[in-house]
Enquirer: 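Structure in C-alpha cells, see below.
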Amino acid sequence: MLDHLPPPRLTKGKATEPSTSAAVAGEIDPTVPWYLQVCTLTRLRRHREALAVLRHADPSPPPHALALPSALICCAALSLPSGVAQVHALAAKRGLVPASDSYILSALLSSYCRLGLLPCARQLLDEMPAASTPPATVLTAFNSLISGCALHALTPACFALFRRMRVHVAGLRFNAVTLLALLPVAPATVVPQLQALAAQSGLASRTTVANCLISVYGRSSPTLARQVFDEMPLATRDLVSWTAVLSAHAQGGLAVDALELYRRMRGHGVEPDALTLVGVLSSCSHLAARSVGLDVDRYVRQRLPGFRANVQLCSALINFHARCGSLPQAQQLFDEMPRKSIVSWTALITGYGMHGHGDIAINFFQRMVSQGIRPDNVSMVALLSACSHAGKYEEGCKYFFAMESTYKLRPTLEHYACMVDLLGRAGRLEEARELISSMPMPADGSVWGALLGACKIHKNVEAGEEAFKHVIMLEPSNVGYYVLMANMYTDSGQQDGVARVRAMMRERGLKKEPGRTQVVRSSVNGRRPLASTGEENL
DNA sequence: TTAGGGTTAG
C-alpha cells in the first residue's frame with residue numbers, strides 16, 4: 001500500500017526527533033505486528049519511518065484498520081496530500097468511510113484540514129449518511145471539522161458547523177471537545193455564552209474545559225481567568241490549570257500575582273514544567289525578581305536536562321538574565337541554543353539595548369537579519385529602543401525608515417513612541433513634535449508620554465505642558481505622568497505649577513504610591529485581544 | 001480520532 005508515495009528520507013534521529021533512540025529501541029519490537037509498529041512510530045512522531053514500515057507491509061491480508069489513522073497523521077505531518085487521498089480511497093473501498101469508523105473518519109477530516117484541503121473535508125462530512133451513522137460518530141466528525149476550521153481561524157465556519165451539529169446530533173448535541181475547539185476562536189462576546197452552555201450541560205466541571213476557559217479569558221482579563229480558576233474544586237486543578245492562570249496574570253502585567261500563584265502552586269506540591277516556568281520567568285523579568293528567577297534557572301538546569309532545545313523556555317531565561325541578571329549569562333544561553341527563534345534574538349537585543357549597549361544590539365539585529373529571519377514589530381521596537389537608549393540617533397532613524405521600505409512593516413504606536421523617545425532624548429523636541437503630527441493614527445499615551453519624558457530631560461516646560469495636556473486626557477489615572485510634570489515644575493522652580501498638578505491629582509483621587517515614581521504602563525496596552533472576527537451568536 | 005497551559009517591546 002501507499003506505493004505511490006515518495007520514498008522517505010530517513011533522518012538520523014537528531015534533534016528533530018523528539019525521542020531518543022534508546023527509548024525507541026525499547027518500544028519498537030520487531031516481533032510485534034507491523035501495524036502496531038506504525039502506530040508506535042506515529043506516536044513518537046517518526047512519521048517517515050512509520051510510512052516506510054507501511055509501504056513495505058505485506059499486502060495480504062489487507063492493511064489492518066488500526067494502521068490507517070496513523071498513516072493519515074503521518075501524511076498530514078509530512079504534507080503529503082496524495083497519501084491522504086490514497087488512504088481515503090482504501091478506507092472507502094473497505095466501507096470504513098463515510099460512516100462506519102469514527103477513528104478513520106475523524107483522522108481523514110483532520111488530515112484534510114491540516115493540509116488546507118477544507119473542501120475535501122467538507123465533502124466527506126456532507127456524504128455522511130445522517131440516518132444510519134451512530135450519533136457518537138456524527139459528533140466526532142463535526143468536532144474534527146470544527147477543530148480543522150479553528151486551525152485556520154475560520155471562526156464563522158466553526159460556528160456555522162456548531163449550529164448545524166446541534167440540529168443533526170440527536171441527544172448528544174456537543175461535548176467537551178466541541179467546546180475546546182470553539183473557545184479559542186470565539187469572539188469575546190461569545191465566550192461567556194459558551195461558558196453558560198458548558199455550565200448547563202455539566203461540562204464546565206471538566207478540568208480541560210475549565211483550563212481552556214482560563215486560558216481564553218486570560219488573554220484579555222486575568223480577573224475573569226482567576227474567577228474560573230477559583231471556582232474549580234481544589235482536587236480538579238491540575239498543572240495546566242495552574243499554568244494557565246499563572247500565565248494569564250503574567251501576560252496581563254500582574255507579575256506579583258503570578259509569582260504568588262507560583263508560590264501557592266508549589267505549596268500544593270504541584271511540580272512545574274517548562275511551560276509553567278516560562279510564565280514565572282516572564283514575571284521575574286518584569287519585577288526584576290532576581291532570586292526567584294535564579295531559583296528557576298537552577299531548577300531548569302537540574303530537572304529539565306533537555307531545556308536548551310526548548311526555544312520558548314530558553315528565550316524566557318535569556319530575557320530574565322538579560323534584564324535583571326547578567327548579559328554574559330544571557331549570551332551564553334543564546335550561544336548554546338541549537339535553534340533560535342526571533343523571540344530569542346529579540347530578548348538578547350532588548351537586553352543589550354536596555355543596558356546601553358546599542359552597538360551590540362544593532363550588531364545582533366544585523367546578524368539576525370543576515371540569517372534570514374525577517375524582523376517583526378517586536379524586534380523593531382527592541383532595536384529602536386536600543387538606539388534610543390544609546391543615543392544612536394542616525395541609526396534609529398535609518399532603521400525606522402527601513403521598516404516600511406525594507407522589511408514591509410507598518411510602524412505602530414509603539415514604534416512611534418520609540419522614535420519620539422529617540423528624537424526627544426537627542427534634544428530634537430521640535431522634530432519629535434512634528435513626527436507626532438505626521439502620524440497616520442492618533443497618538444496614544446505612550447507617544448505623548450515619551451515626549452513628556454524628553455521635555456523633562458531637556459527642561460522644556462512649555463513643550464512639556466502640551467504633552468502633559470494630551471497624556472492625561474488619554475491616560476487620566478496614570479500617576480507617573482503627573483509626577484513627571486510636577487518634577488519638571490520643581491526643577492524649574494515653578495512652585496505654582498507643582499501645586500496645580502497636586503490639586504489635579506487630589507481632584508482625581510490619585511495618590512503617588514511610594515517607590516513608584518516611574519511612568520506606569522497602561523494596563524490595556526500590549527495585550528492580545530480576544531478574537532473578534534465576525535459577529536457570532538449561538 | 002477530534003481536545004486544555006507558553007516566550008520577545010516602552
Side-chain angles (χ1 to χ4, degrees), chain A residues 68-70 72-73 101-111 113 136-137 139-148 150-151 175-184 206-216 218 225 238-248 250-251 272-282 285 310-320 322-323 341-351 353-354 376-386 388-389 412-418 420-421 445-447 449-450 453 518-522 525-526:
Chain A
L68 296 182
S70 293
L72 288 165
I73 294 168
D101 191 297
S102 164
Y103 278 25
I104 294 172
L105 186 59
S106 57
L108 261 177
L109 288 165
S110 119
S111 303
C113 291
T137 303
L139 177 71
T140 307
F142 269 100
N143 281 346
S144 303
L145 196 54
I146 291 175
S147 302
L151 204 67
N175 65 4
V177 176
T178 321
L179 295 175
L180 295 176
L182 288 172
L183 277 167
R206 299 279 183 93
T207 300
T208 49
V209 173
N211 290 350
C212 189
L213 277 166
I214 294 171
S215 137
V216 168
D238 63 6
L239 175 62
V240 177
S241 328
W242 284 101
T243 303
V245 73
L246 191 155
S247 303
Q251 281 168 27
D273 69 359
L275 268 74
T276 323
L277 297 176
V278 166
V280 175
L281 283 167
S282 157
S285 309
N310 185 327
V311 179
Q312 284 91 348
L313 179 57
C314 265
S315 302
L317 274 171
I318 291 171
N319 185 47
F320 164 73
R323 288 172 70 123
S341 74
I342 191 161
V343 179
S344 343
W345 286 95
T346 305
L348 199 65
I349 293 167
T350 305
M354 66 190 295
D376 64 1
N377 279 331
V378 182
S379 57
M380 288 310 300
V381 172
L383 177 68
L384 295 177
S385 159
S388 168
H389 285 297
T412 67
L413 283 166
E414 283 79 13
H415 302 103
Y416 281 105
C418 282
V420 167
D421 192 63
S446 67
V447 174
Q518 82 277 25
V519 173
V520 181
R521 279 181 59 190
S522 156
N525 283 345

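Chain letters run A, B, ... following the sequence lines, proteins first and then strands; every chain starts at 1. Quick caveat: nothing in here was measured; it's all calculated off a predicted structure.
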Enquirer: For A:Leu213, report the nucleic acid contact type (base, sugar-phosphate, nothing); a contact means any heavy atom under 4.0 Å.
Expert: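 A:Leu213: no heavy atom of the nucleic acid under 4.0 Å.
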Enquirer: Check this for me: does the side-chain of A:Thr208 come within 3.5 Å of the base of B:dG4 through a donor and an acceptor?
Expert: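 Result: no qualifying N/O pair found.
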Enquirer: Name the closest nucleotide to the A:Gln251 side chain, picking from B:dT1, B:dG6, B:dT8.
Expert: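 Nearest nucleotide to the side chain: B:dG6.
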Enquirer: Mind checking side-chain contact (heavy atoms from CB on, under 4.5 Å) for A:Ser106 and listing every partner two or more places apart, or none if nothing turns up?
Expert: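 side-chain contact (heavy atoms from CB on, under 4.5 Å) check on A:Ser106 returns A:Thr140, A:Ser144.
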Enquirer: With respect to the phosphate group of B:dG10, does any side-chain polar atom (N or O) of A:Ser385 fall under 4.0 Å of OP1 or OP2?
Expert: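 A:Ser385 to B:dG10 OP1/OP2: side-chain N or O found under 4.0 Å.
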Enquirer: Decide yes or no, distance alone: a donor-acceptor N/O pair under 3.5 angstrom between the base of B:dG6 and the side-chain of A:Asp273.
Expert: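 For A:Asp273, whose side chain was compared with the base of B:dG6, there is no donor-acceptor pair (under 3.5 Å).
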Enquirer: Figure out the CG/C1' separation between A:Leu109 and B:dT2, and round it to whole Å.
Expert: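 In whole Å, B:dT2 C1' and A:Leu109 CG are 9 Å from each other.
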Enquirer: Are side-chain heavy atoms of A:Ser385 and A:Thr350 found at a separation under 4.5 Å?
Expert: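 No. Closest side-chain heavy atoms not under 4.5 Å.
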Enquirer: Nearest whole Å is fine: how far is B:dG10 P from A:Arg323 CZ?
Expert: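 From A:Arg323 CZ to B:dG10 P: 6 Å.
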Enquirer: Measure the distance from CG on A:Asn143 to P on B:dT1 and round it to the nearest whole Å.
Expert: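 To the nearest whole Å, that distance equals 15 Å.
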Enquirer: When the distance from CG of A:Leu384 to P of B:dT8 is rounded to whole Å, what number comes out?
Expert: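 Taking CG of A:Leu384 and P of B:dT8, I get 19 Å after rounding.
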Enquirer: Could you give the CG-to-C1' distance, from A:Leu182 to B:dG4, as a whole number of Å?
Expert: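 The answer, rounded to whole Å, is 14 Å.
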Enquirer: Categorize A:Thr276 for me: base, sugar-phosphate, or nothing, with a 4.0 angstrom heavy-atom threshold over every strand shown.
Expert: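 If one applies the 4.0 Å heavy-atom cut-off, A:Thr276 turns out to touch a base.
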Enquirer: Mind checking A:Asp238 for me? I need base, sugar-phosphate or nothing, with any heavy atom below 4.0 Å counting as a touch.
Expert: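 It contacts base atoms.
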Enquirer: Looking at every strand, decide which applies to A:Thr178 at a 4.0 Å heavy-atom threshold: base, sugar-phosphate, or nothing.
Expert: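 Nothing, no nucleic acid heavy atom in range.
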Enquirer: Quick one: does A:Ser446 reach the base of B:dG10 with a side-chain donor-acceptor pair under 3.5 Å?
Expert: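 Indeed, a donor on one side and an acceptor on the other fall under 3.5 Å apart.
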Enquirer: Rounded to whole Å, please give me the gap between CG in A:Asn211 and C1' in B:dG4.
Expert: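 It is 5 Å, rounded to the nearest whole Å.
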Enquirer: So, is A:Ser282 near the phosphate of B:dT8, with a side-chain N or O under 4.0 Å from OP1 or OP2?
Expert: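 So the side chain of A:Ser282 is within the cut-off, an N or O lying under 4.0 Å from OP1 or OP2 of B:dT8.
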Enquirer: Nearest of B:dG5, B:dT1, B:dA9 to any side-chain atom of A:Tyr103?
Expert: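 It is B:dT1.
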Enquirer: Has the side chain of A:Asn319 got a donor or acceptor atom that lies under 3.5 Å from a matching backbone atom of A:Ala322?
Expert: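 Such a contact is absent between A:Asn319 side chain and A:Ala322 backbone.
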Enquirer: Could you tell me how far apart A:His415 (NE2) and B:dG10 (C1') are, to the nearest whole angstrom?
Expert: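 About 11 Å, once rounded to whole Å.
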Enquirer: With a cut-off of less than 4.0 Å, is there a side-chain N or O of A:Ser215 near OP1 or OP2 of B:dG5?
Expert: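 Yes.
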Enquirer: When you measure from the side chain of A:Leu239, which nucleotide among B:dG10, B:dG5, B:dT8 comes out closest?
Expert: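 Among the listed nucleotides, the one closest to the side chain of A:Leu239 is B:dG5.
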Enquirer: I'd like to check the side-chain contact (heavy atoms from CB on, under 4.5 Å) partners of A:Val447; sequence neighbours left out, ordered by chain and number.
Expert: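 If we apply the side-chain contact (heavy atoms from CB on, under 4.5 Å) test to A:Val447, skipping adjacent residues, the hits are A:Leu413, A:Tyr416, A:Ala417, A:Val420, A:Ile436, A:Met439, A:Ala443, A:Asp444.
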Enquirer: Below the 4.0 Å mark, does B:dT8 have OP1 or OP2 next to a side-chain nitrogen or oxygen of A:Gln312?
Expert: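 A:Gln312 to B:dT8 OP1/OP2: no side-chain N or O under 4.0 Å.
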Enquirer: What's the CG-P distance between A:Leu277 and B:dT8, to the nearest Å?
Expert: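 Between P of B:dT8 and CG of A:Leu277: 14 Å.
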Enquirer: What's the closest nucleotide to the side chain of A:Val240 if the choices are B:dG6, B:dG4, B:dT1?
Expert: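 Nearest nucleotide to the side chain: B:dG4.
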Enquirer: For A:Asn143 and A:Ile146, indicate whether the former's side chain and the latter's backbone hold a donor-acceptor pair under 3.5 Å.
Expert: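 Judged by distance alone, no pair lies under 3.5 Å.
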Enquirer: Identify which nucleotide among B:dG6, B:dA9, B:dT2 has an atom closest to any side-chain atom of A:Ser110, counting heavy atoms from C-beta outward.
Expert: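 Per side-chain heavy atoms of A:Ser110, the pick is B:dT2.
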Enquirer: Output yes when a side-chain donor or acceptor of A:Ser388 lies under 3.5 Å from a complementary backbone atom of A:Leu384, and no otherwise.
Expert: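 It does not hold such a pair.
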Enquirer: So what does A:Leu72 hit on the nucleic acid, given a heavy-atom distance under 4.0 Å: a base, only sugar-phosphate, or nothing?
Expert: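 Contact class for A:Leu72: none.
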